Amino acid sequence: ILAVAFGCMDAAGQKGLRGWAWQNPLPQGNPLNSIHFAQDKKTGYAVGVGNTILKTRDGGFTWQRQYSPTDVNLTDVFVRDERNAVMVGVRGTILATDNGGGDWKPVPNDAREHLRAVTFAGDTREFGWAVGTSGRVVRSTDGGSTWEAVAQTEPSHLNAVSALDGQNAAAAGEQGIVVVTANGGE
């Protein structure tokens, strides 16, 4: 009778997970910090602790480990399209691929702070913004190939960023701070 009761409890507990399938994702077990998919809804990346980069080509049902030239924790990823993606991480790390993750290349920039979030906007997603600790903001106008620092006006850590285009963006951070720009950060 006890086994039947536990079996019923287990089945009842799984009802709340309807529509979700555990993917782990294999072949690793490091904590993941971010996941993002291309507009095709099939190509996606997940990034995390211990330099973890995972790629899916089937909407997240299977994952393959990828390798980067750095050894840092990665905090966020943005997939511009099936071939182009950008990720950010600690110590000002920005990595980009233009060949579907075949190669991840470090992108030089002036940030030394930990970058926590990245986003892109525009018709071809050419305008990029990344934010991080100590109010650091960097931007790209060429799809993430190059990045330039934006004047810092807020010393609080910034944790999230959203952009409408190359001029209009907002970032949110610690202590309830929200900073906005309507002029590209000038």
Side-chain angles (χ1 to χ4, degrees), residues 22-38 43-57 59-60 62-121 125 127-140 143-150 152 154-163 169-179 185:
W22 176 257
Q23 295 297 314
N24 193 34
L26 297 174
Q28 66 88 44
N30 292 334
L32 298 173
N33 295 322
S34 178
I35 187 170
H36 194 263
F37 285 85
T43 306
Y45 293 91
V47 300
V49 174
N51 201 34
T52 301
I53 304 172
L54 302 174
K55 180 181 181 180
T56 183
R57 292 184 178 127
T62 60
W63 295 87
Q64 298 80 39
R65 177 86 191 230
Q66 294 197 322
Y67 298 94
S68 92
T70 63
D71 187 20
V72 299
N73 292 337
L74 299 167
T75 54
D76 199 16
V77 60
F78 190 95
V79 185
R80 294 180 51 232
D81 57 41
E82 296 79 14
R83 298 191 52 79
N84 297 281
V86 175
M87 57 187 63
V88 297
V90 301
R91 297 191 302 266
T93 299
I94 300 177
L95 300 175
T97 185
D98 61 3
N99 61 6
D103 295 303
W104 288 96
K105 298 176 182 165
V107 181
N109 69 88
D110 293 332
R112 296 298 168 253
E113 298 82 359
H114 301 328
L115 296 175
R116 294 181 171 177
V118 62
T119 194
F120 283 82
R125 297 182 174 196
F127 301 109
W129 298 88
V131 299
T133 57
S134 302
R136 171 57 73 190
V137 178
V138 293
R139 71 176 176 183
S140 175
S145 295
T146 61
W147 293 83
E148 65 181 356
V150 173
Q152 291 177 253
E154 177 56 49
S156 295
H157 299 325
L158 299 173
N159 300 322
V161 62
S162 183
E174 294 184 4
Q175 302 170 349
I177 190 76
V178 175
V179 294

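Please read these numbers as outputs of a predicted model, since none were measured by experiment.
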> Grab the two heavy atoms, one from Asn109 and one from Gly92, that are nearest each other, plus how far apart they are.
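Heavy atoms only, the tightest pair is ND2-O, 3.0 Å.
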> Are Trp129 and Val137 side-chain neighbours, meaning at least one heavy-atom pair lies under 4.5 Å?
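Touching, per the 4.5 Å side-chain cut-off.
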> Does the side chain of Val47 come within less than 4.5 Å of Thr75's, by heavy atoms?
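With C-beta onward as the side chain, the pair stays apart.
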> So if I apply the side-chain contact (heavy atoms from CB on, under 4.5 Å) rule between Leu115 and each of Ile94, Thr93, Leu74, Val90, which one comes out positive?
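Going through the options one by one, the only one that passes is Ile94.
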> Please report the closest heavy-atom contact between Gly144 and Val107, naming both atoms and the distance.
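Looks like O-CG1, 3.7 Å.
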> For residues Asn51 and Thr70, determine if any side-chain heavy atom of one lies less than 4.5 Å from a side-chain heavy atom of the other.
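Touching, per the 4.5 Å side-chain cut-off.
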> One pair to check against ring pair (Phe, Tyr, Trp, His ring centres under 6.0 Å): Trp104 and Tyr45. What are the steps and the verdict?
CA-CA 12 Å; Trp104 288 96; Tyr45 293 91; 5.3 Å; yes
> Using side-chain heavy atoms (C-beta onward) and a distance below 4.5 Å, is Val77 in contact with Val88?
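Side chain of Val77 against side chain of Val88, heavy atoms only: no contact under 4.5 Å found.
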> Which heavy atom of Gln64 sits nearest a heavy atom of Thr56, and at what distance?
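Distance-wise, the nearest heavy atoms are OE1-CA, 4.3 Å.
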> Is any side-chain heavy atom of Val86 closer than 4.5 Å to one of Leu95?
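No, too far: nothing below the 4.5 Å cut-off.
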> Could you check if a side-chain atom of Thr133 sits within less than 4.5 angstrom of a side-chain atom of Arg116, using non-hydrogen atoms only?
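They are in side-chain contact.
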> Minimum heavy-atom separation for Ala38 and Asp81, please, with both atom names.
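Nearest pair, atom of Ala38 first, then Asp81: CB-C, 3.8 Å.
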> For residues Arg136 and Val150, report the shortest heavy-atom separation together with the two atoms involved.
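That would be NH1-O, 4.4 Å.
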> Heavy atoms, side chains only, cut-off 4.5 Å: are Met87 and Ile53 in contact?
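When only atoms from C-beta onward are counted, Ile53 and Met87 do touch, with a gap below 4.5 Å.
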> State, with a plain yes or no, whether a side-chain heavy atom of Leu158 is found less than 4.5 Å away from one of Ile177.
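In short, these two side chains touch, coming nearer than 4.5 Å.
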> Please give me the minimum heavy-atom distance between Asn30 and Arg65, naming the atom from each residue.
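Residues Asn30 and Arg65, closest heavy atoms: ND2-NH1, 4.2 Å.
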> OG1 of Thr43 to NE2 of His36: how many Å apart, nearest 0.5 Å?
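Here the interatomic distance stands at 12.0 Å.
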